[in-house]
Amino acid sequence: MIFNLQRYSTHDGPGVRTVVFLKGCSLGCTWCQNPESRCAEQEILFDPRLCSDGCTHCVAAFPHAVSQRGAQLIIARQNFTTADKQVLAQVCPSGALSLCGEPADIEELMQKILRDKPFYRRTGGGVTLSGGEPFMQPDTTMTLLQRCRQEGLHTAVESCLHVPWKYIEPSLGALDLLLADLKHVDDVPFKRLTGGSARRVLDNFRRLAAVGQPLIVRVPLIPDFNADRSSIRAIVDFAAGETGCQAIHFLPYHTLGINKYALLGKPYLAPRQPLNDPDLLTFAQDYAAEKGLNALLRG
């Protein structure tokens, strides 16, 4: 299941790239900027800004899932059936109600990817699989990477590494670069704000180092989680000592994905203000450089 395909990206690996976004993630990070990626299944999005005045097509078509309270529509997403989702686009002509996610058709994806092959060759770019967590769909991820490799394309995956090793290993033979999140090395705060196990992530980093997988460590810096000097030291120490990486990218927290939560009918539980601490960012880059890593600040 995929939910987006983004062409001409320059922030998800070297050169100009096409990014394929896969649905499904085993973590529940409160600051996630792609909340529509968490669920592996298709989801209903509702944008009231697009809703046409006086239009009640959805209420008539889905009385079990859509109701009206004055001028406000009440969307019971859990009541939409598979059949409802198949006709959603026809029922809502304005696009206020839409479906997020579609089955991954490998050959159709490859046709879209290969349109930009001249740009990949000219810039050293290629294809990046993102999400969500691509390794949550191990067969789709492996097949896509292998098809891209057959076409001579550079391949990359963006991953949180919070999956069983058996989901990762089959793809490594067709993977040129892994962009891997290292959010924390302490299991307690990691569990508190992601719902997952830091130990699983660290173990996967060690396994990747053992097989010599080229990777870049990425660190989202989140207030009240890891945006402090002690956490940064521990993260950088692990990255420098146990991952085999040559580069580390720091990603300051932002709120650009906040409106997506409203589209899904979900609360936004992360801080409402972006990280604004230039001294901390300078410290992070300097400390990483001291440990021999190429440190970059990414927006």
Practice task
Indicate whether any N or O donor in one side chain lies under 3.5 Å from an N or O acceptor in the other, for E133 and S159.
Solution key: yes

Problem - Flag for D12-S9: side-chain donor and acceptor within less than 3.5 Å - result: yes

With hydrophobic residues grouped by side-chain heavy-atom distances under 4.5 Å, do [X] and [Y] end up in a single group?
X    : Y    : value
L264 : L256 : no
L114 : Y8   : no
Y261 : I44  : no
I258 : L269 : no
I232 : L182 : yes

Would you indicate whether the side-chain heavy atoms of [Y] and [X] approach each other to under 4.5 Å?
X    : Y    : result
H154 : R17  : yes
V217 : H249 : no
L109 : L5   : yes
T155 : L177 : no
L97  : I75  : yes
R233 : Y287 : yes
I248 : V219 : yes
C245 : L293 : yes

Non-hydrogen atoms of [X] and [Y] that approach each other most closely:
X    : Y    : answer
L202 : H184 : CD2-O, 4.4 Å
L172 : L208 : CD2-CD2, 4.0 Å
H162 : F190 : CD2-CE2, 4.3 Å
L179 : G13  : CD1-N, 4.0 Å
C160 : C25  : SG-SG, 4.3 Å
Y120 : I113 : OH-O, 2.8 Å

Donor-acceptor pair, distance only, cut-off 3.5 Å: does the side chain of [X] make one with the backbone of [Y]?
X    : Y    : answer
D277 : L280 : yes
S37  : G132 : yes
N226 : P220 : yes
T81  : D84  : yes
Q137 : K23  : yes
Y167 : P134 : no
D181 : L161 : no
T30  : A270 : no
T194 : C29  : no
D187 : S197 : no

Kindly check if the number of other-residue, nucleotide or ligand heavy atoms within 6.0 Å of [atom1] ([X]) is above 12?
X    : atom1 : value
R192 : CZ    : yes
Q150 : CD    : yes
E242 : CD    : yes
D224 : CG    : no
Q68  : CD    : yes
K191 : NZ    : no

Does [X] pair with [Y] as a salt bridge, N-O distance under 4.0 Å?
X    : Y    : value
R149 : D176 : yes
R147 : E107 : yes
R200 : D203 : no
E43  : R77  : no

Return the [atom1] to [atom2] distance between [X] and [Y], rounded to the nearest 0.5 Å.
X    : Y    : atom1 : atom2 : value
L281 : N276 : CG    : CG    : 8.5 Å
F135 : E158 : CZ    : CD    : 11.0 Å
K117 : T18  : NZ    : OG1   : 12.5 Å
L193 : L27  : CG    : CG    : 11.5 Å
I74  : R69  : CD1   : CZ    : 4.0 Å
R218 : K183 : CZ    : NZ    : 8.5 Å

Practice task
Any chance you could lay out the side-chain contact (heavy atoms from CB on, under 4.5 Å) test for T140 and I106, step after step, and finish with the verdict?
Solution key: CA-CA 8 Å; T140 298; I106 302 296; 4.1 Å; yes

Problem - Ring centres under 6.0 angstrom apart (F3, F21) - result: yes

Problem - Candidate pair Q33 and K260, rule side-chain contact (heavy atoms from CB on, under 4.5 Å), full reasoning - result: CA-CA 8 Å; Q33 299 303 300; K260 296 181 180 181; 5.8 Å; no

Exercise for the section: Just grab all the ring-ring contact (aromatic ring centres under 6.0 Å, His included) pairs involving residues 29-81, residues at least two apart or on different chains. Expected result: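 For residues 29-81: W31-F225, F62-F80.
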
Problem - Among V157, I2, L175, side chain to side chain contact (heavy atoms under 4.5 Å, CB included) partner for L129 - result: V157

Exercise for the section: Go through the steps for Q42 and M1 under the test side-chain contact (heavy atoms from CB on, under 4.5 Å), then give the verdict. Expected result: CA-CA 8 Å; Q42 290 178 317; M1 186 74 66; 3.9 Å; yes

Practice task
Check the pair N259 / Y268 against side-chain contact (heavy atoms from CB on, under 4.5 Å), numbers first and verdict last.
Solution key: CA-CA 9 Å; N259 290 331; Y268 188 72; over 6 Å; no

